[in-house]
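See below for the structure under consideration.
In this chain, residues are counted from 1 in sequence order. Note that the structure is predicted; figures quoted are calculated from it, not measured.
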Amino acid sequence: MRRLPVKPFADRRQVAVLWLIPTVLALWAGTVLQDDILRLPCLLAAAIGLRMALVSMQPPRRSGRERPVPPSTARYRVRGAVTADTAGGVAAVLGTQTERLCIDLRDTTVLTTDGARVVGTAVRAARHRGVLTLISGASSEARDALRRAGVDELVTYVDDRTA
C-alpha cells in the first residue's frame, strides 16, 4: 500500500465539517419521514456523524504521559537488550531504591515482553514502597512491550529533552 506524501486534510476542522454534512442530511431525513421505523436509523446515523465530527476535532493523543524529569531524581541507564535474563539489573536497582528513579532506555536495543514483565514486577514492588518510577528515552517498541506487560500504567514517561 502506498502512503500519501501529505495529509489528505490540512486541518481537523475540514474533517469535522465533512462529518457534519451527512449528520445534517440524516437529521433532515429523520424529520421528514413519517414512519418511526425509518426515523430511528436516520437519527442513529446523525448521532454517529455528530460523534465522529467531535472526535475528529480532538488533537491526537500521545502514547503516554510525558513530564520533565525533576532535578533530584536518581538515574539508571540501561544499555543493550533487556530480556528476562538481563532485566535483573534493573530489578536490583529498583529493589534498593528509596527515592524517585528515572530509568533511561535510550541505549536499549531490544526490550522483550518477558524482560518488561521482570521490570514490571520490580516497579510494582517499588511502587508499593512509595518509589516513583520514571521512564525516559523509550522507543515506541519499548513502550509497546511495557504496555503489553501491564507496566505502562505504573510508570510515568518523562520528556527526553530534560533527561
Side-chain angles (χ1 to χ4, degrees), residues 1-16 18-20 22-23 44-45 47-163:
M1 183 172 168
R2 216 175 75 175
R3 296 182 62 95
L4 295 173
V6 294
K7 291 182 180 180
F9 298 102
D11 192 5
R12 290 189 300 267
R13 288 177 287 196
Q14 293 172 345
V15 176
L18 288 176
W19 277 109
L20 287 176
T23 300
L44 285 173
I48 291 170
L50 183 60
R51 182 182 188 291
M52 293 303 295
L54 292 173
V55 166
S56 66
M57 285 296 295
Q58 293 177 348
R61 292 185 189 174
R62 296 195 323 190
S63 64
R65 302 169 301 199
E66 293 191 4
R67 300 179 180 149
V69 179
S72 63
T73 303
R75 298 176 188 272
Y76 180 72
R77 179 166 281 173
V78 181
R79 290 185 174 90
V82 179
T83 62
D85 298 330
T86 61
V90 178
V93 169
L94 274 169
T96 61
Q97 194 65 28
T98 58
E99 296 293 322
R100 194 172 24 219
L101 176 68
C102 178
I103 301 172
D104 187 359
L105 298 177
R106 188 174 300 122
D107 296 332
T108 302
T109 55
V110 173
L111 176 63
T112 64
T113 305
D114 293 336
R117 284 191 189 113
V118 172
V119 171
T121 303
V123 168
R124 282 184 188 83
R127 186 176 179 145
H128 186 69
R129 292 190 322 270
V131 176
L132 176 67
T133 306
L134 309 172
I135 301 286
S136 166
S139 65
S140 59
E141 294 85 10
R143 286 185 184 211
D144 286 342
L146 292 170
R147 182 185 44 76
R148 284 192 304 271
V151 182
D152 208 26
E153 64 270 1
L154 300 173
V155 298
T156 302
Y157 292 103
V158 293
D159 191 7
D160 293 333
R161 291 172 298 180
T162 58

For this session: For S139, check side chain to side chain contact (heavy atoms under 4.5 Å, CB included) against everything at least two apart and list the hits.
Result: E141, A142
Exercise. Looking only at atom types and distance, does a side-chain atom of R124 sit under 3.5 Å from a main-chain N or O of G120, one as donor and one as acceptor?
Worked result: yes
Problem set entry | Heavy-atom pair of closest approach, residues A149 and T113 | CB-O, 4.2 Å
Exercise. For A81, does its backbone N or O pair with a side-chain atom of T86 as donor and acceptor, under 3.5 Å?
Worked result: yes
Problem set entry | Heavy-atom closest contact (A87 atom, G115 atom, distance) | CB-O, 3.7 Å
For this session: Compare every heavy atom of A84 with every heavy atom of T112, then report the nearest pair and how far apart it is.
Result: OG1-N, 4.1 Å
Exercise. R127 side chain to L154 main-chain N or O, any donor-acceptor pair under 3.5 Å?
Worked result: yes
Exercise. Between D107 and R77, is the closest basic N to carboxylate O distance under 4.0 Å?
Worked result: yes
For this session: Apply side-chain contact (heavy atoms from CB on, under 4.5 Å) to W19 and L54, showing your working.
Result: CA-CA 9 Å; W19 277 109; L54 292 173; over 6 Å; no
Problem set entry | Point-to-point distance, once rounded to the nearest 0.5 Å, from CZ of R75 to CZ of R100 | 10.5 Å
Exercise. Rounded to the nearest 0.5 Å, how far apart are CG of L111 and CD1 of I135?
Worked result: 8.5 Å
For this session: Measure the shortest side-chain to side-chain distance between L50 and L20 over non-hydrogen atoms and say whether it is less than 4.5 angstrom.
Result: yes
Exercise. CD1 of I103 to OG of S136: how many Å apart, nearest 0.5 Å?
Worked result: 10.5 Å
Problem set entry | Separation of T83 OG1 from D85 CG (nearest 0.5 Å) | 4.5 Å
For this session: Would you name the heavy atoms of T108 and V78 that are closest together and state the gap between them?
Result: OG1-O, 3.4 Å
